[in-house]
Amino acid sequence: MKDKLLSLQQEALDTLHQSTSLSELNDLRIKYLGKKGPITEVLRGMGSLSAEERPIIGQVANEVRAAISEAIQQKQEKLEKEETDRKLQVEKIDVTLPGRPSEKGSIHPLTKIIQEMEDIFLGMGFQVAEGPEVETDYYNFEALNIHKNHPARDMQDTFYITDDLLLRTHTSSVQIRTMQNMKGEVPVKIICPGRVYRRDDDDATHSHMFTQIEGLVIDKHIRMSDLKGTLLQFVKEMFGNDTEIRLRPSFFPFTEPSAEVDVSCTVCKGKGCRVCKQTGWIEILGSGMVHPKVLEMSGYDPKEYSGFAFGTGVERIAMLKYGIEDIRHFFTNDLRFLKQFAHI
Ligand code: PHE
């Protein structure tokens, strides 16, 4: 019995010596020390031994078990350490390697122009207002003196959502919202940047979605010369001090009189070139004195108050300022285009 136990110990230690993984060790532990293992079996059969043999065999069995268990424990520690060393080796990080540069985004050229325009107008005492892109017929048309069946509705092909809901075709809707919020108070002096939508076929100069900046001033004694002075100051700051403007008579249902405003060509400085079609002038916005009916509908007495308004296309301004020849560049997100504005 004793010899059997000792040879079991030898056998276990030999196998142990050859094992190379933690899972093999585990198998070994179950095989020799487990409940169904040979040593447990010996201990269980102790009852059939003689009184003299029992303590001797019991002691040997316990020693053999301890020896195997101890050997397994040591081997396990050794394997675990090897495993850790191997991992440390494989997962070693070379802290001296240069890092991967992270791509830096840049501000979109339209956002840049909007920020620049906001700065210019804030400097003249304006505040920035906002309004929803999904509008009701009332704010986009009716309150701007554009009744149903008014031919001016054809000027702006509209995306309708329902009979009464639409995507705003201009930021002029914010004029009305602002007047209503101000409840007859003056001065009103706001600009409103925002997206607008029209059912246009997209080409180099048209986009079904574009950006406008609306301006509205209401107070006592506001005159057309205030409109002209404000816009002249704006174009000089935006395009340079030598820029001139000219006002041409025009028509909008919500302004009277109305004027289209041209800047002297930013490319040829008014001499005539391809960009200004040899005229020396480029149209940049629509404007006028707020129509008395519009004032009245939104709670301002036209006998007491007057005002001016203008609406300009931000893409147009950006195209002129940066020499961009196709409006679609603003919306196709080609990084080769966008990256050119990172340092401007
Ligand atoms: N809303 C007009 C347009 O989109 C521009 C405009 C605004 C004209 C304010 C006059 C006054 O064409």
Side-chain angles (χ1 to χ4, degrees), residues 110 114 117 121 126 128-133 135-147 150-159 166-179 188-200 205-219 222-232 234-235 245-263 282-295 297-298 300 302 305-317 327:
L110 288 179
I114 291 173
M117 286 184 65
F121 282 99
F126 283 71
V128 177
E130 274 182 17
E133 288 175 29
E135 260 304 359
T136 60
D137 185 274
Y138 179 78
Y139 287 106
N140 196 82
F141 292 126
E142 204 67 37
L144 286 159
N145 201 27
I146 313 173
H147 310 294
H150 193 293
R153 291 203 180 199
D154 299 337
M155 271 161 55
Q156 304 184 345
D157 268 327
T158 311
F159 286 112
L166 46 89
L167 295 181
R168 68 179 174 197
T169 58
H170 52 186
T171 42
S172 298
S173 51
V174 186
Q175 288 186 33
I176 309 304
R177 289 186 173 273
T178 306
M179 284 190 264
V188 176
K189 213 171 171 188
I190 56 114
I191 57 162
C192 162
R195 290 211 173 109
V196 300
Y197 302 82
R198 290 184 197 176
R199 283 179 39 203
D200 260 333
T205 54
H206 295 85
S207 169
H208 61 281
M209 176 193 82
F210 60 103
T211 321
Q212 283 191 331
I213 291 191
E214 190 84 8
L216 174 69
V217 173
I218 299 173
D219 207 339
I222 297 291
R223 294 172 307 198
M224 194 102 182
S225 52
D226 296 312
L227 168 68
K228 190 174 176 189
T230 304
L231 294 178
L232 186 60
F234 157 61
V235 298
I245 56 171
R246 83 176 175 187
L247 274 62
R248 282 180 291 109
S250 183
F251 171 80
F252 299 101
F254 36 95
T255 46
E256 183 59 39
S258 304
E260 214 104 58
V261 177
D262 299 342
V263 284
I282 295 171
E283 184 199 320
I284 56 158
L285 55 84
S287 65
M289 301 307 290
V290 181
H291 197 292
K293 272 197 193 155
V294 172
L295 286 173
M297 273 189 275
S298 290
Y300 286 84
Y305 300 111
S306 55
F308 69 77
F310 59 88
T312 180
V314 179
E315 287 79 4
R316 195 80 203 271
I317 305 241
I327 195 172

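Hydrogens, waters and symmetry mates are skipped; everything else that's a heavy atom, side chains included, is used. Just so it is clear, the model here is predicted, and its values are computed rather than measured. Every number for a ligand or one of its atoms is a count from 1 in the order of the listing.
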Checklist entry - Any N/O of Ser287 closer than 3.5 Å to an N/O of ligand 1? => result no
Next on the checklist: Can you confirm whether or not the ring centre of Phe308 sits under 6.0 Å from the ring centre of Phe252?
Outcome noted: no
Checklist outcome for this item: Of Ser172, Gly311, Gly313, the residue with the heavy atom nearest atom 1 (N) of ligand 1 is Ser172
Checklist entry - Does His170 have its ring centroid less than 6.0 Å away from the ring centroid of Tyr197? => result no
Next on the checklist: Between the side chains of Asp157 and Arg198, is the shortest nitrogen-to-carboxylate-oxygen separation below 4.0 Å, so that they form an ion pair?
Outcome noted: no
Checklist entry - With atoms numbered from 1 as shown, which atoms in ligand 1 lie under 4.0 angstrom from a non-hydrogen atom of Gln212? => result 3 (C), 4 (O)
Checklist entry - Under a 4.5 Å cut-off applied to non-hydrogen side-chain atoms, are Leu166 and Glu135 in contact? => result yes
Item to check | Close side-chain approach of Thr205 to Ile327, heavy-atom, < 4.5 Å | outcome: no
Checklist entry - Would you say the side-chain atoms of Ser207 and Asp200 include a donor-acceptor pair closer than 3.5 Å? => result no
Item to check | Proximal ligand 1 atoms for Ala309, defined as those under 4.0 Å from one of its heavy atoms | outcome: 9 (C), 11 (C)
Checklist entry - Nearest to atom 4 (O) of ligand 1 by heavy atom, Glu214, Arg198, Gln175: which? => result Arg198
Checklist outcome for this item: Note: ligand 1 atoms sitting under 4.0 Å from heavy atoms of Phe254 are 1 (N), 2 (C), 6 (C), 7 (C), 8 (C), 9 (C), 10 (C), 11 (C)
Next on the checklist: Quick check: Thr169 and ligand 1, any N/O pair under 3.5 Å apart?
Outcome noted: no
